[in-house]
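Report on the structure given below.
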Amino acid sequence: MSRQSVARAHQKIQELSWEPMYHTPVSHYGTDYTFRKAQKKDPLKQVLRSYFPMQEEKDHRVYGASDGAIRGNMFRQVQERWLEWQKLFLSIIPLPEISAARAMPLLFRNVPNPELHNGQAIQMIDEVRHSTIQQNLKRLYMNNYIDPAGFNSSLRNFQNDYCGTIGRQFAEGFITGDAITAASIYLTIVAETAFTNTLFVAMPAEAAANGDYLLPTVFHSVQSDESRHISNGYATLLMALADEGNHQLLERDLRYAWWNNHRVVDAAIGTFIEYGTKDRRKDRESYAEMWRRWIYDDYYRSYLVPLEKYGLVIPHDLIEEAWNQIWNKGYVHEVAQFFATGWLANYWRIDPMTDKDFEWFEHKYPGWYDRYGKWWENYNRLSTPNGHHPIVAEDVDYQYPHRCWTCMVPCLVREDMVMAEVDGQWRTYCHETCRWTDAEAFRPVYQGRNTPNMGRLIGAREWETLYHGWNWADVVQDMGFVRDDGTTMVAQPHLHLDDPKKMWTLEHLRRMPHLQSPNVLLNEMTDEERAAFHASYVRGGPAGRFARPE
Amino acid sequence: MTTAPERSVPKPVFTDAEAGAKQFPDSTARKFNYFVPQKRKQTHYEDVTVEVQPDPRHYLAQGWLYGFADGQGGYPLDWTVLKAWGSDRPEPQRGPGSGGRGYEWPAHGWHEFRDPNEEWELSLYRYNANVVRQVNANVEAAKRAKAFDQWNPNWIRFVAQHVGAWMHVDHGLGLYLFANANRRGPTNMHNTAIAVNSMHLIRAAQDLALYQLTLDEEIESFFGAAHLETWNSDPTWQGVRDLAERLTAIDDWAEAVFAANVVFQPLVGELFRSQLVMQAAPRNGDFVTPTIVGAEEFDFSERDLRYTLALFDLLTNDREFAEHNLRIMNGWLAEWVGRTIPAARALQPLWSQPDAKPIRFEDALDRVKSRFAGIVEDLSLDLPKELER
């Protein structure tokens, strides 16, 4: 169709919408936002007559590339270090995608603009596309990569391993609570507009550098749909801004959504890009450099700041703080160290860092070796069984961290840890903003204003609680992270597959001290003990070091 | 002599990381191992669909993390009154030392549902792209053949008003019943099938709208906005409109899908599409409209009804709650048939509008009732007395 006919076609399909005369459609999802009817236009003017063939053509390219990769033996050139982290990433990502599809109906009854509903319905089916095309990529990896373990169990393992809950927020945050908070601000305004750049553009580039051109093929195809979704979010945001009564809620939600996305996405993608790559060219961009370009410049300065003139209160302080966390406080490095500390509670293999990696990190993040080098040398030393425990139970000057109750990434930047008694339980938070999210934002009253539709943080949010007092071998068995000989673990802290003596088994774990839940222990302390513990914890770090005696 | 600086690019490395390069535990375990396939072998559809939407009753060890204001998270099973075996078992309680194990997979019968159409992205785009290509080709061929010149004034008016009115039904149900319900089913298989159903209807609505746009360009006396007045105020359509609105007001997602696909579509949708438009059009010189309406008919009869029957058949044969489900569904049947038959009967004046008449209304209604009775029988439900109104 020509552009003119697309515009006419789009105009015609606007005649399809109608206002109910006899019955009110069911309204399942509430919001504390208020909207006035407004003729906001769907800027993409997508009609299904052209949409379906377009997507089919994109599919042809993706599946053609998949066939080509197999015929061309791509896996002879894929870095195992990289593909092992895909076991985590491709466990996580189909759920946020399908959750975004499920989120669209939250907007139908709350955003009174039928033209936008068309865009939301197309986003719904886009997201079905993304979820299943990504599952299909994982299936292809399982079938063709040397080690299928972890791919073959991913949708069980993701739901019970010690990092899975962190990633799951990036899905559940879209589908529950206040409809606008979830499906508009958290999903489209922040997650899609800001963070899909690092997820679907920066990360695939790193995949290609590690011999995997299928991840870029699939994810760039996915990203080409995202512009539609970003437009959906922008149109809804402008409608919300038109009512001054929404400004307080927008400020709240932008602060929560920004900070939570930073905590979750930067933790995962930062780790994949920095610690999953073998590409150590000095001139390749670090995650911090990518973040500065994609998120700080493209999202914050080009997208968010111009909205200030419409009355949107931008969380400048939190954006600067996120950068501070990444650049000065080593956030990504602290997370990677935590993932590697608990390698035995995962379902992928984590390759030790080498001298070449050290050199690159020092070049990109001056001072890295002094902070993290010694610990990674210990990780390498302890990576094959030789009469010692996995690193988590060895004396390597690493204080096992408390989890953040809100974002569930542990309180790794020790100086920022906040402790509070909330809902009758002592909880730890990685940052004051996470305390605020739990104790103030996700509540039925916010700053004296009734917010009856705001969601709740629920669930058993500390993974370690479930296994308090358990033997580690039983923990791993309970989660099902065991290979088909019944004893060799799926996870390994190295990449050696062909030497059985180097593979960790359940038997190696039996001798370890029992797992202890930091939160259970915290709640067993007296007030004085807890205060002393907190004072010591915040003096600890970096790299998880115990506080030095004063 | 100057030399070009070496470009900084990643270098290919031979890693030999392909399947079969080494033997070790799990080296041949190349199947998703967290679900039991419906048949002997796992299908591609199952691999990309099953378990993407988690469930605290089996693997979701820490439970849902975000809830609505009432504390409910995820996809509560009580968003429908129907039950599958295991539905009443409590979610595993988590606390210090509880471990993370739930019930053995699937934990409850909802996870046994598989869409017989095996819809996922590859299938849905392939199918719908084919439909829109064929619809476009049909309309384009008709334009070139000057086929619309054969239409008589009454038929032109009929298509503008009444075929035009039908697209509002498709659009309303597609968006506000089916797209809405894609958030509410208990598994990914349910919600994906429902989302695809939604796109069939939205596409069908747009197919008709764009067809109208073409007719507006091709036929001088075609009034492209006539459908609006018909839908808004023509008494013939107000029963259908009332019913369509009522369908979008249903709270229970399963009742909504049931009422739409088991009752409304066979008794009103097929009555209008197959027994009126597709019968009357050829006699009035129109060979194009039936191909567009027929595409929608195929969506319903060959795909949407198919998954719907599989969904409800599993529940009427449930090993624990068959009786409960039969009682509920029989109640829904009586209730929705009681509302649908009057709406269908209100359409009767349409049968006398074309110059060349289709089959008699009563015969048409008998045909769809007979077809409906077959669907009801397939589901082991009772034919409601309301059918004879």
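Values reported hereafter were calculated over all heavy atoms of this structure, with side chains retained and with hydrogens, waters and symmetry mates removed. Quick note on labels: first sequence line is chain A, next is B, and so on, each numbered from 1.
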Given that the side chain runs from C-beta out, which part of A:S17 has a heavy atom under 4.5 Å from chain B: side chain, backbone, both or neither?
both
Side chain, backbone, both or neither of B:E91 within contact of chain A (heavy atoms, under 4.5 Å)
neither
Where does A:D32 contact chain B at under 4.5 Å (heavy atoms): side chain, backbone, both or neither?
neither
Report which part of A:R461 has an atom under 4.5 Å of a heavy atom belonging to chain B: side chain, backbone, both, or neither.
both
Looking at B:N128, B:V132, B:D16, B:V50, which has the largest count of heavy-atom pairs under 4.5 Å with chain A?
B:N128
Could you check whether any side-chain N or O of A:T451 sits under 3.5 Å from a backbone N or O of A:P444, counting only pairs where one atom can act as donor and the other as acceptor?
yes
Tell me, out of A:H60, A:Q79, A:M479, A:R284, who's got the most heavy-atom pairs with chain B below 4.5 Å.
A:Q79
Are a donor atom and an acceptor atom from the side chains of A:Y186 and B:Y66 found within less than 3.5 Å of each other?
no
For B:R94, which atoms come within 4.5 Å of any heavy atom of chain A: side chain, backbone, both, or neither?
side chain
Given that the side chain runs from C-beta out, which part of B:N136 has a heavy atom under 4.5 Å from chain A: side chain, backbone, both or neither?
side chain
What option among B:G63, B:G100, B:A205, B:A181 has the most heavy-atom pairs under 4.5 Å with chain A?
B:G100
Among B:L208, B:L213, B:D242, B:V13, the residue with the most heavy-atom pairs under 4.5 Å to chain A is B:D242
Contact leader toward chain A among B:K11, B:Q212, B:H44, where contacts are heavy-atom pairs under 4.5 Å:
B:H44
Checking A:D161 against chain B: side chain, backbone, both or neither under 4.5 Å from a heavy atom?
backbone
Just jot down the side-chain contact (heavy atoms from CB on, under 4.5 Å) partners of B:Q72, sequence neighbours excluded, or say none.
B:D70, B:P76, B:D78, B:W79
Please classify the contact between A:D283 and chain B as side chain, backbone, both or neither, with a heavy-atom cut-off of under 4.5 Å.
side chain
Between the side chains of B:N191 and B:R184, does any donor sit under 3.5 Å from an acceptor?
no
Honestly, the part of A:W463 sitting under 4.5 Å from a heavy atom of chain B is both
Is a donor on one side and an acceptor on the other found under 3.5 Å between the side chain of B:N130 and the backbone of B:R126?
yes
Report which part of B:Y127 has an atom under 4.5 Å of a heavy atom belonging to chain A: side chain, backbone, both, or neither.
neither
Examine whether an atom of A:M142 lies under 4.5 Å from a heavy atom of chain B, and if so say whether it belongs to the side chain, the backbone or both; otherwise answer neither.
both
Side chain, backbone, both or neither: which part of A:A101 has a heavy atom under 4.5 Å from chain B?
both
In terms of heavy-atom pairs under 4.5 Å, which option from A:N118, A:I122, A:D499, A:V490 contacts chain B the most?
A:N118
Pi-cation contact, A:F108 with B:R183 (under 6.0 Å, within 45°):
no
Tell me whether A:D147 contacts the main-chain N or O of A:A149 through its side chain, where contact means a donor paired with an acceptor under 3.5 Å.
yes
Which one of A:Q159, A:R168, A:E172 satisfies the side-chain contact (heavy atoms from CB on, under 4.5 Å) criterion with A:L95?
A:R168
Does either side chain, that of A:Y141 or that of A:D212, offer a donor lying less than 3.5 Å from an acceptor on the other one?
yes
Proximal component of B:K22, with respect to chain A [non-hydrogen, under 4.5 Å]:
both
What part of A:N144 is in contact with chain B, defined as an atom under 4.5 angstrom from a non-hydrogen atom: side chain, backbone, both or neither?
backbone
Indicate yes or no: at least one non-hydrogen side-chain atom of A:Q55 is less than 4.5 angstrom from one of A:R129.
yes
Are the ring centres of B:H190 and B:W253 closer than 6.0 Å?
yes
For residues A:H23 and B:E245, report the shortest heavy-atom separation together with the two atoms involved.
N-OE1, 2.9 Å
Specify which of A:R109, A:E97, A:H468, A:R443 makes the most heavy-atom pairs with chain B at under 4.5 Å.
A:H468
Is there a donor in the side chain of A:E206 and an acceptor in the side chain of A:T277, or the other way round, less than 3.5 Å apart?
yes
Can you tell which of A:V520, A:I98, A:D279 has the highest number of heavy-atom pairs within less than 4.5 Å of chain B?
A:I98
Taking the side chain as every heavy atom from C-beta outward, state whether B:L124 and A:V128 have any atom pair closer than 4.5 Å.
yes
When B:A29, B:G224, B:A21 are compared by non-hydrogen pairs under 4.5 Å with chain A, the top option:
B:A29
Within the 3.5 Å criterion, strictly below it, is a donor on B:S98 or B:Q93 matched to an acceptor on the partner's side chain?
no
Using modelled atom types only, decide if a donor and an acceptor are shared between the side chain of B:T214 and the backbone of B:L210 within a distance under 3.5 Å.
yes
Need one label for B:T192: side chain, backbone, both or neither, based on atoms under 4.5 Å from any heavy atom in chain A.
both
Close aromatic pair by centroid cut-off 6.0 Å: B:H111 and B:H58:
yes
Is B:H227 close to chain A through its backbone or its side chain, or both, or neither, when contacts mean heavy atoms under 4.5 Å?
side chain
Could you tell me which of A:M124, A:E462, A:K58 has the largest number of non-hydrogen atom pairs under 4.5 Å with chain B?
A:M124
Okay, B:L228 and chain A: the region with an atom under 4.5 Å from a heavy atom over there is side chain
Please flag which part of A:L515 lies under 4.5 Å from any non-hydrogen atom of chain B: side chain, backbone, both or neither.
neither
Name the region of B:Q238, side chain, backbone, both or neither, that has any atom closer than 4.5 Å to a heavy atom of chain A.
both
Heavy-atom neighbours of B:E229 CD exceed 12 at 6.0 Å:
no
Part of A:T488 lying under 4.5 Å from any heavy atom of chain B
side chain
Heavy-atom pairs under 4.5 Å with chain A, option from B:D207, B:V196, B:L65, B:N180 with the top count:
B:L65
Between A:F158 and chain B, which part of the residue has a heavy atom less than 4.5 Å away: side chain, backbone, both or neither?
neither
With a 4.5 angstrom heavy-atom cut-off, is it the side chain or the backbone of B:V9 that approaches chain A, or both, or neither?
backbone
Compute the ring centroids of B:Y125 and A:Y51, then answer whether they are less than 6.0 Å apart.
yes
Are B:F35 and B:D47 close enough, and set up right, to give a side chain to side chain contact (heavy atoms under 4.5 Å, CB included), and what steps lead you there?
CA-CA 9 Å; B:F35 70 93; B:D47 278 353; 3.6 Å; yes
To the nearest 0.5 Å, how far apart are CD in A:E127 and CZ in A:F174?
8.0 Å
Who wins among A:N210, A:D478, A:N160 for the most heavy-atom pairs under 4.5 Å with chain B?
A:D478
Proximity breakdown for A:Q11 and chain B, heavy-atom pairs closer than 4.5 Å
neither
At a heavy-atom separation under 4.5 Å, does B:R203 approach chain A through its side chain, its backbone, both, or neither?
both
Given a strict heavy-atom distance threshold of 4.5 Å, which part of A:M54 is in contact with chain B: side chain, backbone, both, or neither?
neither
